Protein chains: 2
Amino acid sequence: MFTGPLQALVDELGRLPGIGPKSAQRIAFHLLKVAPEDAMRLAEAIVDVKERITLCPRCFNVAEGDLCAICSDDRRDGTMLCVVEDPRDIVAVEKTQEFRGRYHVLHGALNPLEGVGPDQLRVKELLGRLDDEAITEIILCTNPNLEGEATAMYLARLLKPLGLSVTRIASGLPVGGDLEYADELTLGRALEGRREVDA
Amino acid sequence: MFTGPLQALVDELGRLPGIGPKSAQRIAFHLLKVAPEDAMRLAEAIVDVKERITLCPRCFNVAEGDLCAICSDDRRDGTMLCVVEDPRDIVAVEKTQEFRGRYHVLHGALNPLEGVGPDQLRVKELLGRLDDEAITEIILCTNPNLEGEATAMYLARLLKPLGLSVTRIASGLPVGGDLEYADELTLGRALEGRREVDA
């Protein structure tokens with residue numbers, strides 16, 4: 001449709017998640033129009049990420065070089081471990097400022113239909129850490145959906161017999177939410193997870 | 001939020017049109033995950049576009065090197081000229097297969113509030129082409145919005161006195177549309193532009 005290199009760029013942009021053909025065209029023409037140094041900064045950022053970002057050999061968070069920023073921070077509580085599906089989930093948990101322990105990234109959730117079993121996740125590495133580190137509590141922080149729940153259940157059965165405290169994050173109504181608009185599953189979980197009021 | 005190069009990539013992606021912070025994260029993590037050669041292809045496509053794509057010196061369409069593919073195609077009808085706002089509009093017109101003439105890209109539309117006057121568009125170059133080429137009909141194919149209509153009106157006033165046939169694309173109901181859902185302006189234009197039925 002477009003002349004050589006421009007079409008190549010539209011095609012490459014169209015392969016990115018969430019970018020349709022029209023967005024790809026729009027972005028390609030935007031890049032065509034901006035100052036060369038602005039476009040080059042993007043190209044270099046892509047190259048940089050591929051060359052410099054690695055996975056932390058301990059927790060499998062994104063890292064630059066060896067251990068990730070959290071694993072190499074001595075002030076973190078080494079007895080608590082929060083298990084998440086994705087490195088982005090670490091950012092979400094960190095934002096709460098409620099957790100001072102360390103993390104373990106599974107890089108996915110159990111999904112037998114798509115061929116994702118325990119061997120495709122970083123489960124073996126998680127068990128290895130229990131030998132090496134002084135972990136006493138594990139918080140299962142996978143997504144509250146079918147795959148995430150199945151993964152949490154699987155890990156709980158694996159970890160409980162080892163004498164660890166294994167907890168799951170609470171499901172319930174989001175803060176600022178409205179009972180009227182809550183789906184019945186969430187409201188059911190909120191009732192199930194009710195707690196004594198401190199008064 | 002993320003480690004150095006990853007945050008830099010998220011920031012650069014977030015500067016692209018239509019990419020919000022969440023999309024930028026999603027794309028950055030996608031690029032982190034794909035094979036290095038796939039990410040490099042995107043980076044190279046960006047560099048390539050900036051280095052190899054130029055504007056056609058005659059019609060200001062995107063081109064590789066000298067004249068664009070349409071200007072250098074001798075089979076095109078040199079007497080008809082379709083004036084558009086943007087190179088992407090050429091693709092839209094070409095897809096109709098209804099036009100075999102050449103194009104002229106204004107690179108924008110009149111918009112006094114944003115400081116876009118005739119001098120900011122390729123109007124002078126359009127007038128120059130009338131001297132050099134055997135153009136007899138000009139189709140004003142700017143967008144049917146406020147700025148596009150103003151630009152078409154301005155060009156019509158400029159070009160009519162030169163003895164050319166100057167036409168404007170029709171406004172009306174889109175094919176497959178529904179009278180009930182048409183806005184009154186479009187329906188008004190459709191009535192205004194009504195044509196004798198061949199029967």
Side-chain angles (χ1 to χ4, degrees), chain A residues 1-13 15-20 22-56 61-65 68-70 86-88 90-91 94-95 107, chain B residues 1-13 15-20 22-56 61-65 68-70 86-88 90-91 94-95 107:
Chain A
M1 219 154 66
F2 296 106
T3 180
L6 192 56
Q7 187 61 48
L9 179 57
V10 171
D11 291 344
E12 289 302 327
L13 289 168
R15 272 187 253 281
L16 298 177
I19 307 284
K22 282 280 166 192
S23 303
Q25 280 181 30
R26 193 168 161 216
I27 295 172
F29 273 86
H30 168 84
L31 288 171
L32 195 61
K33 210 176 274 180
V34 297
E37 54 271 26
D38 289 341
M40 291 308 160
R41 250 202 336 269
L42 173 58
E44 279 159 20
I46 295 169
V47 175
D48 251 28
V49 155
K50 295 307 281 186
E51 285 179 351
R52 291 172 49 197
I53 296 286
T54 55
L55 289 185
C56 173
N61 183 16
V62 289
E64 235 183 309
C68 76
I70 293 170
D86 191 282
R88 273 168 290 180
I90 294 183
V91 175
E94 285 295 290
K95 275 192 188 156
H107 284 274
Chain B
M1 219 154 67
F2 297 105
T3 179
L6 192 58
Q7 186 61 47
L9 179 57
V10 171
D11 291 345
E12 288 303 325
L13 289 167
R15 272 188 253 281
L16 298 176
I19 307 282
K22 281 279 167 193
S23 305
Q25 281 181 29
R26 195 170 159 211
I27 296 172
F29 273 86
H30 168 85
L31 288 171
L32 195 58
K33 211 176 273 180
V34 298
E37 53 271 25
D38 289 342
M40 290 307 161
R41 252 204 333 270
L42 172 58
E44 278 159 20
I46 295 169
V47 175
D48 251 28
V49 154
K50 294 307 280 187
E51 283 178 355
R52 291 171 51 196
I53 296 286
T54 54
L55 289 185
C56 172
N61 183 14
V62 288
E64 234 183 310
C68 75
I70 293 171
D86 190 282
R88 274 168 290 180
I90 294 183
V91 176
E94 284 295 290
K95 275 193 187 156
H107 284 274

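This one's a predicted model, so the numbers in the text were calculated from it and none came from an experiment. Reminder, nothing fancy here: chain letters follow the sequence lines and each chain counts from 1. Excluded from the calculations below are hydrogen atoms, water molecules and symmetry mates; all remaining heavy atoms, backbone and side chain alike, are included.
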> Side chain, backbone, both or neither: which part of B/Asp38 has a heavy atom under 4.5 Å from chain A?
Replying inline: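 Backbone of B/Asp38 only, per the 4.5 Å heavy-atom cut-off to chain A.
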
> So which part of B/Val91 gets closer than 4.5 Å to some heavy atom of chain A, the side chain, the backbone, both or neither?
Replying inline: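 For B/Val91, the side chain is the part near chain A, not the backbone.
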
What's the spacing between [X] [atom1] and [Y] [atom2] if we round to 0.5 Å?
| X | Y | atom1 | atom2 | value |
| --- | --- | --- | --- | --- |
| A/Leu16 | B/Leu16 | CG | CG | 9.5 Å |
| A/Gln7 | B/Ile53 | CD | CD1 | 10.0 Å |
| A/Leu42 | A/Ile27 | CG | CD1 | 9.5 Å |
| B/Glu44 | B/Glu51 | CD | CD | 10.5 Å |

> For the side chain of A/Lys50 and the backbone of B/Glu37, is there at least one donor-acceptor N/O pair under 3.5 Å apart?
Replying inline: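 Not confirmed, A/Lys50 side chain does not pair with B/Glu37 backbone.
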
>> Looking only at heavy atoms and a cut-off of under 4.5 Å, which of B/Pro5, B/Ala45, B/Cys68, B/Ala43 has the most pairs with chain A?
In response: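 Heavy-atom pair counts peak at B/Pro5.
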
> Is there a side-chain contact between A/Ile70 and A/Glu94, using heavy atoms and a 4.5 Å cut-off?
Replying inline: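 Side-chain contact under 4.5 Å: yes.
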
> What residues form a side-chain contact (heavy atoms from CB on, under 4.5 Å) with B/Arg26, not counting sequence neighbours?
Replying inline: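 Counting only residues at least two positions away or on another chain, B/Arg26 forms a side-chain contact (heavy atoms from CB on, under 4.5 Å) with A/Pro17, A/Arg88.
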
> Considering residues at least two apart in sequence or located in another chain, which fulfil the side-chain contact (heavy atoms from CB on, under 4.5 Å) criterion with B/Ala28?
Replying inline: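 Here the qualifying residues are B/Leu6, B/Leu9, B/Val10, B/Leu13.
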
Let me know if [X] has heavy atoms under 4.5 Å from chain B in its side chain, its backbone, both or neither.
| X | value |
| --- | --- |
| A/Arg41 | both |
| A/Ala69 | neither |
| A/Val47 | both |
| A/Ile90 | neither |
| A/Asn61 | neither |

Return the option, out of [options], with the maximum number of heavy-atom pairs under 4.5 Å with chain B.
| options | result |
| --- | --- |
| A/Asp48, A/Leu31, A/Asp86 | A/Leu31 |
| A/Glu64, A/Lys33, A/Lys95, A/Arg52 | A/Glu64 |
| A/Ser23, A/Ala39, A/Ala8 | A/Ala39 |

